[in-house]
Structure formats: structure tokens, C-alpha cells
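Count residues from 1 along the sequence. Note that the coordinates shown come from a computational prediction; the quantities given were computed from them, not determined experimentally.
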Amino acid sequence: MQPNDSSAEHAILGRISQMVADEKALRDLLTQGRIDGDTERERLTALERELDQCWDLLRQRRALTEAGEDPGAARVRPASTVEGYRS
């Protein structure tokens, strides 16, 4: 793995961590009555889509690395592509 490959993976993991924190914050805002349920669902749906894309990108990078290929060739796929995947 090249040095920039590791930093790219760390960046993706950092973004995933931030989105998980954002999910928790949204749930807290709903509990506190600072946002309504529709707003929470809307924002959570967007976050979940982006999380799916980040996890997919990370899996692509790792698969390429394991196959001896360039993980930099991985690309973010459309949410419509990755949303149907099962973990």
C-alpha cells in the first residue's frame, strides 16, 4: 500500500465516523424537540445514502489492494447502485 493509499483510507474512515456522529446528533435533536420527525428522516436518509457510498468505496479499495491492483482506481458509485447491497 502506498502512503497516499493509507491516508485515503483514513480519510474515508474519518468521514464515516463523522456521519455516524451526525446520525446521533440528529436523533438527539429529535428527542429534544429541536427538529421534527420528517426533518430527521430526510436528513437520516441522505446520511445513510452517503454512508453506503463510503462503505462501498472502502470495500472497493480494499478488494483492489488484495488483488494487487491500484486502490486509487476505486470510484464512488451512485447511491442507487450501492443502496441495494447487503452487508
Side-chain angles (χ1 to χ4, degrees):
M1 188 178 285
Q2 298 174 358
N4 65 347
D5 294 337
S6 179
S7 62
E9 188 166 309
H10 287 295
I12 295 167
L13 289 168
R15 181 65 187 130
I16 288 169
S17 293
Q18 181 58 53
M19 285 186 285
V20 169
D22 291 348
E23 279 184 324
K24 182 185 180 318
L26 281 171
R27 293 183 201 293
D28 290 345
L29 288 171
L30 179 65
T31 300
Q32 297 165 7
R34 295 175 59 197
I35 60 172
D36 61 54
D38 289 340
T39 301
E40 183 219 23
R41 279 187 294 282
E42 213 173 275
R43 291 182 185 173
L44 282 176
T45 298
L47 271 174
E48 288 167 357
R49 278 191 205 115
E50 190 177 350
L51 269 169
D52 288 345
Q53 289 174 302
C54 284
W55 281 117
D56 176 66
L57 180 61
L58 192 58
R59 283 189 291 270
Q60 285 182 62
R61 292 182 60 82
R62 288 176 176 173
L64 286 166
T65 298
E66 287 178 20
E69 302 289 328
D70 176 14
R75 297 289 175 253
V76 175
R77 294 189 261 214
S80 60
T81 299
V82 299
E83 284 182 329
Y85 294 165
R86 301 260 181 215
S87 297

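In terms of heavy-atom proximity, Ala74 sits nearest to Leu57 at CB-CD1, 3.7 Å. Listed here is the closest heavy atom pair of Ala79 and Arg49: CB-CD, 3.8 Å. Taking every heavy atom of both residues into account, Leu30 and Ile35 meet most closely at CD1-O, 3.5 Å. Closest approach of Arg15 to Cys54, counting heavy atoms only: CG-SG, 4.1 Å.
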Exercise. Determine, stepwise, if the pair Asp56 / Thr81 fulfils side-chain contact (heavy atoms from CB on, under 4.5 Å).
Key: CA-CA 10 Å; Asp56 176 66; Thr81 299; over 6 Å; no
Quiz item: Between Arg41 and Asp38, is a salt bridge (charged side-chain N to carboxylate O under 4.0 Å, His left out) present by the stated rule, with each step listed?
Solution: CA-CA 5 Å; Arg41 279 187 294 282; Asp38 289 340; 2.5 Å; yes
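Hydrophobic clustering (side-chain heavy atoms under 4.5 Å, transitive across Ile, Leu, Val, Met, Phe, Trp, Tyr) keeps Ile16 apart from Val82. Under the 4.5 Å side-chain contact rule for hydrophobic residues, Leu51 and Leu26 share a cluster. Hydrophobic cluster membership is shared by Val76 and Leu13, with clusters built from Ile, Leu, Val, Met, Phe, Trp and Tyr side chains linked at under 4.5 angstrom.
Separating the CG atom in Asp28 from the CD atom in Glu40 is a distance of 10.0 Å, to the nearest 0.5 Å. Within the model, atoms CZ of Arg75 and CD of Gln60 stand 9.0 Å from one another, a figure rounded to the nearest 0.5 Å. The structure places CZ of Arg61 at 7.0 Å from CD of Glu9, a figure rounded to the nearest 0.5 Å. Note that OG1 of Thr39 is 10.0 Å distant from CG of Leu29, once rounded to the nearest 0.5 Å.
In this structure, Arg27 and Leu44 have side chains that are in contact, with non-hydrogen atoms separated by less than 4.5 Å.
A distance-only check finds no donor-acceptor pair linking the side chain of Arg34 to the backbone of Thr31 [under 3.5 Å].
In the displayed structure, Glu42 atom CD is contacted under 6.0 Å by at most 12 heavy atoms of other residues, nucleotides or ligands.
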